[in-house]
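First the structure, in the form of structure tokens, and then the observations on it.
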Amino acid sequence: MKLVTASAVSQRSLLASLNSNLSVSLSSSSSSSSSSSSLASVLSTVLNAEHMRPANPVSCSQGASEQLISLIKSCAHESHLLQIHAHILRTRSLEDPTISLRFLSRVSLSPFGRVSYARRFFSQIKNPSLAEFNTMIRAYSGSDSPEEGLYLYREMRRLGERTNSLTSSFCIKSCTKMASLTGGLQIHGRIVRDGHQSDSLLLTALMDFYSICCKSEQACAVFDEMPERDTVAWNVLISCYLRNCRTRDVLAVFDAMIGGECGCQPDDVTCLHVLQACTSLNALEFGGRVHEYIQERGYGDAVKLCNSLITMYSRCGSMDKAFMVFKGMRVKNVVSWSALISGLAMNGKGREAIEAYLAMLRANVVPDDQTFTGVLSACSHSGLVEEGMLFFEEMSKDFQRMPNVHHYGCMVDLLGRAGLLDQAYELIMSMSSKPDSTIWRTLLGACRIHRHVALGERVVWHLTELKAQEAGDYVLLLNTYSSVGDWERVTEVRKFMKDNGIQTTPGCTTITLNGIVHEFTVDDVSHPRQNEIYTMLDEIGSQLKIAGYVPEISSELHNLSSEEKGYRLSNHSEKLAIAFGILATPPGTTIRLANNLRICVDCHNFAKVLSSVYDRMVIIRDRSRLHHFQGGHCSCNDYW
DNA sequence: CTAGGGTTAG
């Protein structure tokens, strides 16, 4: 026999109808006023029901309190929160600590919750508990005004309120968000005084804080002091290494974790970080190992990981593998499509990138800013001028996306490479926001390609005005002069650079063989096999000369005689790395290089001819793109 | 007592 009281039945059915109404209002996104008003009436019925109004506000009945809590839990719209809030004030349930904490927590955590709202409610609580203080500080730390969390924390201390480890944790999060070193140092001091220095979770947050503030040494010091380190702690260490360009250490940590030396296994977040490290190191092989690990661990369906894999493979020049990952994804989002599009663009497959973009639209995925950056860069790298201009117009007209600096940058590159220098200049001048130095630099590059000295000088003037000239800019200007044979000006710029102590970034090329990274700089003599390498380079030189390779003298800075120039050029880091690649790998093996600058005309020609004479595929990643050399051709469509 | 912290794709 069921023994259910009448009131219990009515309560249950009211809640049931409330919940079904809530789900209806959620699924029909746009404002259907009738459904929301009926929902409001249901809510007010519940809230005003006789059994909900306690005779004595503080000791409201157990059932009413429980029902209010479940209402708070299931609340799915801001207006419902407002009604519950009003009800709490009316019935003075605020003095029930369970209710006020639940409500505060709900307000600050719900997707539609706002700090301002939480703050208002918090101020109505007479004597906030530690939990309520913490909840409020947490809300601030995740909001747009994290500093308010620190003010509240100071207020707590001033009032002599008790704090705990969580309080510090949320404060650290605020400091991290503000990147406030002084604030964080103060909190760190308090953590030590309060005796919380063995709380691993707190220390992990502290590590991340130091890492964000570019204090990697302090971050590592905190890591060393941790009593125990779980996967998250290791992940924060890895992300710290990533931020501080210690990418090789990231791979070492991953190996150590796999080898059981860390007492915990890599998780999905670890893999995300390690893949980023592989991407920047051009470590295709290692990235493949991470891919295998991801599959072993059953993370294969994780969208973020797949997106990261697409980026890693395409930036390492392995577009076919990138595409395989993409094809295998059951759920693709805008990031997946954009990663594919940028990957194709970087690898010189402009037409395919546009195809992918059109397929994305057919799949009803809405493009965002970064998608357009990919599409426009595809056009610029492949010299698709008309298409690029069309997409540039479409993005604001059809998708309401206002072009940002990256989009303008692509367009300047597109027009500039195509020789439409004046049009590129006009575009920069028409920008609504102030053009940054990168944009001018792009145009300067185009001036160098098209030997446009006058515009090049004007661009340098703009850079000077921005106080943003870099060593590379002078080199570009210098190259522009040298490309038209104005050696007088070349000498002038060189003297200026020397007098002002302007140092150029040294070119550096890496090649990875069997997991070992070999690094070459210009005229490098540090490699253990340097004698063999230089001998090989001579041999290659004479072979290529027979096939018609002529050193391109205009790439060189010096006004030397042709013979001397030829000699200087032969020692570029790219060439040394290629010679080592030919030397150290069996015939037919693909040679993969990464360079930190843009490849010069001469090395480009060198690699082209070599790919045919030695029948080797050569893939070079430079600062902006990948070059696939095969059979005497390059995938890129640059106007050298 | 109540709530419950740290890392995360293009």
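Per chain, numbering begins at 1; letters A, B, ... match sequence-line order. As the structure is a computational prediction, the values presented were derived from the model and not from experiment.
- Distances shown here put a side-chain N or O of A/K173 below 4.0 Å from the OP1 or OP2 atom of B/dG6.
- Distances shorter than 4.0 Å separate some side-chain N or O of A/R102 from OP1 or OP2 on B/dA3.
- Counting to the nearest Å, the C1' atom of B/dT7 and the CG atom of A/D230 are 10 Å from each other.
- In this structure, CG of A/D208 is placed 16 Å from P of B/dG5, rounded to the nearest angstrom.
- Contacts of A/T135 with the nucleic acid, taken as non-hydrogen atoms under 4.0 Å apart, are absent.
- Heavy atoms of A/A302 sit nowhere under 4.0 angstrom from any nucleic acid atom.
- For A/Y210 and A/H188, the ring centers sit closer than 6.0 Å to each other.
- In the interface, the side chain of A/N134 is not paired with the base of B/dG4 through any donor and acceptor atom under 3.5 Å apart.
- Judged by distance alone, with hydrogens and angles left aside, A/D199 brings a side-chain donor or acceptor within reach of the base of B/dG5, the pair sitting under 3.5 Å.
- Closest to the A/A205 side chain, of the nucleotides B/dG10, B/dT7, B/dG6, is B/dG6.
- Here A/T373 lies out of heavy-atom contact (under 4.0 Å) with every strand.
- The base of B/dG4 does not come close enough to the side chain of A/S169 for any donor and acceptor atom to sit less than 3.5 Å apart.
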